[in-house]
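Naming convention: chains lettered A, B, ... in sequence-line order (proteins, then strands); numbering from 1 in each chain. If you're wondering where the values come from, they're calculated on a predicted model, not measured in any experiment.
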Amino acid sequence: MYQYDPHEIEPKWQAIWAEANLDAVDDKSDKPRYYALEMFPYPSGDVHMGHVRNYSIGDVISRYKRMQGFEVLHPIGWDAFGLPAENAAIKQGSTPATWTYANIEKQRASLKRMAFSYDWSRKVITSDVDYYHWGQWIFLKLWEMGLVERRSSPVNWCPDCMTVLANEQVVGDGVCWRCKSIVQRKELEQWFLKITKYAQELLDDLDQLSGWPDRVKQMQANWVGRSTGAEVDFTLCDADGEPTAEQITVFTTRPDTLFGCSFFLLAPEHPLVREFVSDTAYEAEVARVVELAASATAVERSKGEREKNGAFTGRYVINPINSEKVPIWVSDYVMMDYGTGAVMAVPSGDQRDFEFARKYGLAIPPVILATDDPLYEQLKDQRERIVGDVPWLAAYAGDGVMVQSGSFTGQPGGKDSAGAQAVIEQLEAAGKGRPTVNFRLRDWLISRQRYWGNPIPAIYCDACGIVPVPEADLPVVLPMDVDVSKGESLADRPEFYEVKCPQCGAAAHRETDTMDTFTCSSWYYLRYTDPHNDKLPFERATADNWMPVDQYIGGIEHAILHLLYSRFFTKALRDAGLLGFSEPFKNLLTQGMVKLNGETMSKSKGNVVAPEDMIARYGADALRAYILFMAPPDKDLEWSQEGLEGMYRFVNRIWRSVFDLSGEAVVDEEGNLLSVYDKSLGPDDATSRGAELNRELHRVIGKVSSDIERFNFNTAISAIMELANTVQSYIKLPHGLRDDELSTRAARTLVLLLAPFTPHVSDELWQRVLGEQDSVHLQPWPSYDPAQAIASTVELAVQLNGKIKARITVASDADEEEVRREALFAVAEAIGERDVRKVVVVPGKLVSVVV
RNA sequence: GGGAGCGUGGCGGAAUUGGCAUACGCAGUGGACUUAAAAUCCACCGCCGCAAGGAUUGUGGGUUCGAGUCCCACCGCUCCUACCA
């Protein structure tokens, strides 16, 4: 025998598999289909441990499904556009394309070295023109459908990235998701995708996603943020306090509190603010508050508690429910981009309004009272307002009874309460309000003022306005040689932006903004199904055939951004008639992070364990198995070098055991015998150890199968280790005492079960040692007989009043009566004179006796 | 402020529907082999106790013949989200 040497066998088998095209996918296969997908990498440098974990999970699933007889689509590609490439290019004086494609080559080599079973002919790179061409095509399709809009809006601007950001890309305390700079608010004209049209469906369809973690669904639901309530129209008064024909509408989730509205608020950015105060005595103070809001947001945002600032505008509105005149204030805690940018303030029912009222001395009349409130007895029948200020320390936002609320007094109040309903009905009858649903979700801002992205296919013509690039003129090719390191951008390339208007032929100007990279990653999973199509992004029949993805695997950090956008794209493309389904990812597995000493590995912290180094020491097989063994896939994993060494030892042990089982004595390099036979063992030991091994084989096949199905790779591997331990005990038998059929079956089973985890050593043992002709990876997954997995006798614990007092051994098919008798006999002494009140027999587990 | 999740040996973790807590591995201890070391093999290895035995899954209660698992309260940690009206 020769020594296990991963560096010899791993490259060898990779070459053989590539030659045999083992991982190619057959579109025409009549096998059942399975689509396993891992989130494609961003080519930011070398492959890291997070990738190794992500792709090892996907690879085990893919290989397992293939052995189970599925035709498995298991593709890979690169999410190649984006800002890091520009930043790196600036640093290195290179171009984003050079940097990106060099990294892709590096990563590709690493992924191949890990033996992930991708069909490489389906590789998709988003910065390749034959991919982004179809991204532009889809953009035009969405435009046709009315889902694209260019409009002016307050947007998030990252001063370091020099570009706008989507709402989803502003994270934490208002910082850029990528560079962590503080994001500024700017009013700019930008391109939007109208994802809000799908808000309700994006929410509703979460119910279909039974294969998604609840956590992710919850996060998406929160992000879409549906709240039910009403719009209420307040009549605006002119500068003299007289009612006008104009109205200002607010959104509220608590119409039942409308009688408690003692002031009215506008967001600082609200267009009416300037109009109200210009050339009035209020102008200076209001301007101060508006400026404070604009400049202080960044600083204030990082503090948890924010001081509320406001100023009176000098104007009033009329409350439609009681015709009361209330003052309009401007305040920085009102957001322009949620609801209508105007708020009816009810300080007794909303903590923010409460604090604001206290600060500025505004009235806080109680309108909803809990029945145990001291005020309740006094006010329960009170229609007119007699209490103008509550004695409370905080607002009361819970359920209660409406008081001081005219004819509504006495009705139940609270969110979605009967009282709220009644108020809405009265407002509606008066034409002053209506029930409404409000979403937190904003439209998706997709334009970026950056070079390295997919060009937006639009042209500005002085005569025709904004004109889409005709489909026949696609693709709009991104010049690859723009030198961002010298500050160059698309706006410096006349040959790019100087065009003729497609409609009137006049000189026009091409859009030089590019699309958010998340547009590229919102449909790549569809392209994999039909990667070489040069007529369409994908053929509908082909996509429908493979989709939806059976198992998607990736990091939790994409729980909102990428997954929400992809769901939106799928629904929009469905409505365009391009797809026949509504949800792209049937099952989702969010894998945990790989950490070192409790911290995320990162280059800046200098605590990165490089996969390449680990492969160089222990080989890809040990690394793959280790990273799956150390923790369940969805939990964070603490890196341990000793753990990896342990896995390497395990692979070595398998290697020796299979040699021994196949009849070859195991020797080391110097010819010393490593096989240790126990010469004291006789035929009886051979029988009992043989029976045990047979039982274990059946049990472990069943266990590993169900564990892989449930993604419990860690316990699947520990079950294989248990089998290996049983084998270890069996091969203590000298060869003459062994059962050849059993030995061979054990060896084959070990290798087959390990094939998805450790593909190289498995094929080496399968073909070279066990002498099989075809690759282990083309074998059917082993089957088992549950009946043979059970021992003939079983040990039961006997509990007396909940404490284990004895153990009995009975035949595993013994009937309950017999077990009961045995158990009572075993604890007879402990029972003594006491009466047996109850006996519970749990077959195969224990007997519980109560006295 | 709102939402979600998690607490089990020295460590990573296991216990699938309520049924013998600590599987499997790491680390550790002892032994065999060796001139020696490494590798390998064998054995031990949660806590208190010399032992018999006892207590034990963050803490306290509850349901149950039986609770790591279910229910209530509390403590601690993590993640998401946030002036969302």
Exercise. When the distance from CD1 of A:Ile717 to C1' of B:rG13 is rounded to whole Å, what number comes out?
Worked result: 13 Å

Exercise. Under 3.5 Å, is there an N or O donor on one side and an acceptor on the other linking the side chain of A:Lys845 and the base of B:rC20?
Worked result: no

Exercise. Which nucleotide, in any strand shown, forms a Watson-Crick or G-U wobble pair with B:rG7, with both distances under 3.5 Å?
Worked result: B:rC75

Seminar exercise, completed: Side-chain contact check for A:Lys732: nearest option of B:rC42, B:rU81, B:rC83 is B:rC42

Problem set entry | base_contact_polar (B:rU16 base, A:Lys703 side chain, donor-acceptor, <3.5 Å) | yes

Exercise. Would you say B:rC6 has OP1 or OP2 under 4.0 Å from some side-chain N or O of A:Arg215?
Worked result: no

Exercise. Rounded to the Å, how far apart are A:Met647 CE and B:rG25 P?
Worked result: 10 Å

For this session: May I have the distance from A:Lys415 (atom NZ) to B:rG2 (atom C1'), rounded to whole angstrom?
Result: 13 Å

Exercise. What heavy-atom pair brings A:Ala420 and A:Gly414 nearest, and what distance separates the two atoms?
Worked result: CB-O, 4.0 Å

Exercise. Using the C1' atom in both, what is the distance from B:rU34 to B:rA39, to the nearest Å?
Worked result: 11 Å

Exercise. Using atom C1' of each nucleotide, how far apart are B:rG5 and B:rU17 to the nearest Å?
Worked result: 22 Å

Exercise. Mind checking whether A:Trp444 and A:Tyr565 have parallel, tilted or perpendicular rings, split at 30° and 60°?
Worked result: parallel

For this session: Between A:Ser718 and A:Ser729, just flag the one whose closest nucleotide in RNA chain B comes earlier from the 5' side.
Result: A:Ser718

For this session: Tell me yes or no: between the side chains of A:Ser227 and A:Asn438, is some donor less than 3.5 Å from an acceptor?
Result: no

Problem set entry | Minimum-distance nucleotide to A:Ile804 side chain [options: B:rA85, B:rC42, B:rC20] | B:rC20

Seminar exercise, completed: Among B:rC41, B:rA82, B:rG19, the one nearest any side-chain atom of A:Arg653 is B:rC41

Exercise. Are A:Asn714 and B:rA14 close enough that a side-chain N or O sits under 4.0 Å from OP1 or OP2?
Worked result: yes

For this session: Between B:rU81, B:rC20, B:rA15, spot the one nearest the side chain of A:Ala797, thanks.
Result: B:rC20

For this session: May I ask you to say what A:Val250 touches in the nucleic acid, namely base, sugar-phosphate or nothing, with a heavy-atom cut-off under 4.0 Å?
Result: nothing

Exercise. When you measure from the side chain of A:Val840, which nucleotide among B:rA85, B:rC26, B:rC65 comes out closest?
Worked result: B:rC65

For this session: Could you measure between the two P atoms, the one in B:rC42 and the one in B:rC24, and give it in whole Å?
Result: 13 Å

For this session: Rounded to the nearest angstrom, tell me the gap between atom CZ in A:Phe757 and atom C1' in B:rC24.
Result: 13 Å

Problem set entry | Selection from B:rA85, B:rG3, B:rA15 that lies nearest to any side-chain heavy atom of A:Gln218 | B:rG3

Exercise. What integer number of Å spans the C1' atoms of B:rA85 and B:rA4?
Worked result: 24 Å

Exercise. Using atom P of each nucleotide, how far apart are B:rG12 and B:rA23 to the nearest Å?
Worked result: 15 Å

Exercise. Taking OP1 and OP2 of B:rA23, is either one under 4.0 Å from a side-chain nitrogen or oxygen of A:Asn725?
Worked result: no

Exercise. How is A:Glu638 classified with respect to the nucleic acid when contacts are heavy atoms under 4.0 Å: base, sugar-phosphate, or nothing?
Worked result: nothing

Exercise. Checking all strands, does A:Leu846 fall into the base, sugar-phosphate, or nothing category for heavy-atom contacts under 4.0 angstrom?
Worked result: base

Exercise. Regarding A:Lys308 and the six-membered ring of A:Phe356, is the cationic atom NZ or CZ under 6.0 Å from the ring centre and inside 45° of its axis?
Worked result: no

Exercise. Nearest to the side chain of A:Gln728 - B:rC83, B:rC24, B:rC41?
Worked result: B:rC41

For this session: Over all heavy atoms of both residues, which pair between A:Ser331 and A:Leu265 is shortest? Give the atoms and the distance, please.
Result: CB-CD2, 3.8 Å

Exercise. Taking only N and O in the side chain of A:Arg649, is any of them less than 4.0 Å away from OP1 or OP2 of B:rG25?
Worked result: no

Problem set entry | Rounded C1' spacing from B:rA21 to B:rC47 in Å | 14 Å

Problem set entry | Out of B:rG13, B:rG3, B:rA23, whichever nucleotide has its closest atom nearest the side chain of A:Ala631 | B:rG13

Seminar exercise, completed: Assigned chi class of B:rG9 under the 90° convention is syn

Problem set entry | Gap between atoms CZ and P, on A:Phe650 and B:rC26 respectively (whole Å) | 11 Å

Exercise. Which nucleotide, B:rC83, B:rG3, B:rA15, lies nearest any side-chain atom of A:Thr715?
Worked result: B:rA15

For this session: Rounded to whole angstrom, note down the P distance from B:rG60 over to B:rA37.
Result: 49 Å

Problem set entry | Short side-chain N/O contact from A:Arg352 to OP1 or OP2 of B:rC84, under 4.0 Å | yes

Problem set entry | Any strand: nucleotide that pairs with B:rA55 via Watson-Crick or wobble, under 3.5 Å | none

For this session: Please confirm whether the backbone N or O of A:Ser640 pairs with a side-chain atom of A:Tyr626, one donor and one acceptor, at under 3.5 Å?
Result: yes

Problem set entry | First of A:Gly339 and A:Ser848 reached from the 5' end of RNA chain B, by closest nucleotide | A:Ser848

For this session: Check every strand shown and say whether A:Asp636 touches a base, only sugar-phosphate, or nothing at a heavy-atom separation below 4.0 Å.
Result: sugar-phosphate

Exercise. In the strands shown, is B:rG1 matched to any nucleotide by a Watson-Crick or G-U wobble pair with both distances under 3.5 Å, and which?
Worked result: B:rU81

Problem set entry | Gap in Å between the two P atoms, one belonging to B:rG68 and one to B:rU22, rounded | 12 Å

For this session: To the nearest Å, give me how far apart CE (A:Met630) and C1' (B:rC11) are.
Result: 8 Å

Exercise. Taking atom C1' of B:rC84 as reference, at what distance in whole Å does atom CZ of A:Arg254 sit?
Worked result: 15 Å

Exercise. What about the rings of A:Trp329 and A:Phe264, do their centers lie closer together than 6.0 Å?
Worked result: no

Exercise. Within this structure, what is the CE-to-C1' distance between A:Met219 and B:rC79, rounded to whole angstrom?
Worked result: 8 Å

Exercise. When all nucleic acid strands are considered with a 4.0 Å heavy-atom cut-off, which category describes A:Gly225: base, sugar-phosphate, or nothing?
Worked result: nothing

Exercise. Is A:Asp5 reaching over with its side chain to a backbone N or O of A:His7, donor-acceptor style, under 3.5 angstrom?
Worked result: yes

Problem set entry | Counter-base of B:rU17, judged by Watson-Crick or G-U geometry with both distances under 3.5 Å | none

Exercise. Sub-3.5 Å donor-acceptor pair from the side chain of A:Arg738 to the main-chain atoms of A:Ile731, do we have one?
Worked result: yes

Seminar exercise, completed: Of the listed B:rG13, B:rU16, B:rC24, the closest approach to the A:Met721 side chain comes from B:rC24

For this session: Indicate yes or no for a side-chain donor-acceptor contact from A:Asp636 to the backbone of A:Val594 under 3.5 Å, with no hydrogens or angles considered.
Result: no

For this session: Scan every strand shown for a Watson-Crick or G-U wobble partner of B:rA67, both distances under 3.5 Å, and answer none if you come up empty.
Result: none

Exercise. When we call it a touch if two heavy atoms are under 4.0 Å apart, what does A:Val842 touch: a base, just sugar-phosphate, or nothing?
Worked result: base

Exercise. OP1, OP2 of B:rG66 versus side-chain N and O of A:Lys838: anything below 4.0 Å?
Worked result: no

